[in-house]
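The structure under discussion appears below in the form of structure tokens.
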Amino acid sequence: MIKDFRKKYGFSQEELARLTGVSSSTIGYLENNKFTKRSKAKIVVENFIRAYDRRKFLVNEYSKKFHKKGGLLDFFARFWRKA
């Protein structure tokens, strides 16, 4: 799941580590299933992935429906209220 997400959006292990607040070596361990239990780091990274995918979907859906100049401010006002 984590490696697929990284590849899909073009993140390096270092970038994903910086965004989630875990070390890049932890990202590597998570990608290779080196942790035997659900660690706090895994939960943090998975929650980030779900939130990122959801927001990416909302941005894409909005851009399909609204192509008006200046409508972007309105979108972000509504977008961040939902988050």
Report the C-alpha distance between Ser39 and Leu30 in whole Å, list the side-chain angles of each, state the deciding distance to 0.1 Å, and finish with yes or no for side-chain contact (heavy atoms from CB on, under 4.5 Å). CA-CA 9 Å; Ser39 67; Leu30 291 171; 4.3 Å; yes
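Residues Ala17 and Ser23 come closest through the heavy atom pair CB-C, 3.6 Å.
Rounding to the nearest 0.5 angstrom, the gap separating the CD1 atom in Ile27 from the CZ atom in Arg6 is 8.0 Å. Distance check, rounded to the nearest 0.5 Å: CD1 of Ile49 to NZ of Lys8 gives 10.5 Å.
Cluster annotation: Val44 and Phe48 are assigned to distinct hydrophobic clusters (Ile/Leu/Val/Met/Phe/Trp/Tyr, side-chain heavy-atom contacts under 4.5 Å, transitive).
Annotation: side chain to side chain donor-acceptor pair (under 3.5 Å) contacts of Gln13 (sequence neighbours excluded): Glu31. Take Arg50 and apply the side chain to side chain donor-acceptor pair (under 3.5 Å) test, not counting sequence neighbours, and it matches Asn47.
Judged by distance alone, the side chain of Thr20 and the main-chain N or O of Leu16 form a donor-acceptor pair under 3.5 Å.
Side-chain contact check for Tyr52 versus Leu19: every heavy-atom pair is 4.5 Å or farther apart.
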